[in-house]
Every structure is written in structure tokens, then in C-alpha cells.
Amino acid sequence: QVRLVESGGGSVQVGGSLRLSCAASEYKYSSYCIGWFRQAPGKERERVASIDDSGNTMYADFVKGRFTISEDKRKNLLYLQMNNLKPEDTAVYYCAAENPLYRSGPPLCLTTDFSIWGQGTQVTVSS
């Protein structure tokens, strides 16, 4: 059974950096899309970044130029490097993945495709 476990969250000051990690056990597909979402208190969950098996990345406008998604395929790890953090980045960050068994054809990485979720890790940015 696929399991996603995030780590690396914490508290930082404005302008600081954090690197989140997601260990994706048993998520071993040749065709996939995996990414990061976040949810702040009282707000809807929003997509932050994603990457597919071809290395194609997608970033939300509010993190472009500050966050970088990457992966270590050999270790089945997903990362989110977050630089120049702002108070509005404060949220619980979730690792999420689509289940390739539910589709035919290449991954489209639509937000609605993400059906496997981690438990989340808190990121707090203070001024």
C-alpha cells in the first residue's frame, strides 16, 4: 500500500528557508505525478507544485521563483525547497500523488488526479 510521509516542517522567520521531504513508500510507477499542496487555517487547500515522471514541473504563481520541487527517484523521495519564505506561506504542507492505476495514457497532473495523501507537516513563518 502506498504511503506518503512528510518531514522537514518547522518555524522560520521571514526570508528564511526550509526543505520539505516526502518519503513515498511503495509508490513505484514508471508513469506518475506527485506534488505538494498546502492548507492554511480557514482557507481552502491549494496546490503548490508538482512533478511528473518526465520531470515536467508546475508551480503555483505565488511560489514561482521561491520554491523548487525535486525528486530522488532512486530513494523514492520528493522534496520542496522553500526559500524567501513569507508569513502567508504558513500552512500545513501535504505531499500528494495520483494513482496511475486509475488512468490510461500519460499523466495530466490535474489537481483532481491527486488521490493519495500524506499526513502533512506544519510550516510557520513569523515576522
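Worth knowing before you read on, the calculation uses all heavy atoms, side chains too, and leaves out hydrogens, waters and symmetry mates.
To the nearest 0.5 angstrom, D53 atom CG is 6.0 Å from K73 atom NZ. Here the OG atom belonging to S21 is positioned 8.5 Å from the CG atom belonging to L78, to the nearest 0.5 angstrom. A distance of 11.0 Å separates CD of E71 from SG of C22, quoted to the nearest 0.5 Å. Taking CZ of R38 as the reference point, atom CD of E46 lies at 4.5 Å (rounded to 0.5 Å). Note that OG1 of T111 is 5.0 Å distant from CZ of F37, once rounded to the nearest 0.5 Å. Atom OG of S25 and atom CG of N76 lie 8.0 Å apart (nearest 0.5 Å).
The neighbour count for R103 CZ, taken as heavy atoms of other residues, nucleotides or ligands under 6.0 Å away, is above 12. Around NZ of K75, the count of heavy atoms belonging to other residues, nucleotides or ligands within 6.0 Å does not exceed 12. At most 12 non-hydrogen atoms from other residues, nucleotides or ligands lie less than 6.0 angstrom from CD of Q13.
Between L20 and E6 there is no side-chain heavy-atom pair separated by less than 4.5 Å. Taking 4.5 Å as the limit, every side-chain heavy atom of S17 sits out of range of all side-chain heavy atoms of V12. Considering only heavy atoms from C-beta on, Y29 comes within 4.5 Å of N99 through its side chain. By the 4.5 Å heavy-atom criterion applied to side chains, W36 and S50 are not counted as neighbours. In this structure the side chain of M82 reaches within 4.5 angstrom of the side chain of V123, judged on heavy atoms. Counting heavy atoms from C-beta on, the side chains of L18 and V125 never come closer than 4.5 Å. You'll find the side chain of C109 reaches within 4.5 Å of the side chain of R47, heavy atoms only.
Shown here for P107 and S31, the closest heavy-atom pair between the two residues is CD-OG, 3.2 Å. Across all their heavy atoms, I34 and I69 have their closest contact at O-CD1, 4.1 Å. Of all non-hydrogen atoms in C33 and Y27, the two that sit nearest each other are O-OH, 3.4 Å. Residues D89 and R66 share a closest heavy-atom pair of OD2-NH1, 2.7 Å. Closest approach of L80 and A49 over heavy atoms only: CD1-CB, 4.3 Å. For the residue pair G35 and F114, the shortest heavy atom distance occurs at N-CE2, 3.7 Å.
I116 and L110 fall into different hydrophobic clusters, defined by Ile, Leu, Val, Met, Phe, Trp and Tyr side-chain heavy atoms under 4.5 Å apart, directly or through other members. Hydrophobic clustering (side-chain heavy atoms under 4.5 Å, transitive across Ile, Leu, Val, Met, Phe, Trp, Tyr) keeps V5 apart from Y32. Clustering ILVMFWY residues whenever any of their side-chain heavy atoms sit less than 4.5 angstrom apart, transitively, puts F67 in a cluster other than the one holding L77.
The aromatic rings of Y94 and W117 sit perpendicular, their planes meeting at an angle over 60°, well past the 30° parallel limit.
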Decide side chain to side chain contact (heavy atoms under 4.5 Å, CB included) for T90 and Q122; before the verdict, give the C-alpha distance in whole Å, the side-chain angles of both, and the deciding distance to 0.1 Å. CA-CA 8 Å; T90 295; Q122 176 71 45; 4.0 Å; yes

Test side chain to side chain contact (heavy atoms under 4.5 Å, CB included) applied to E98 and L108, step by step: CA-CA 10 Å; E98 59 118 28; L108 300 179; over 6 Å; no

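Looking at D61 and K64, a side-chain N of the basic residue comes within less than 4.0 Å of a carboxylate O on the acidic one, giving a salt bridge.
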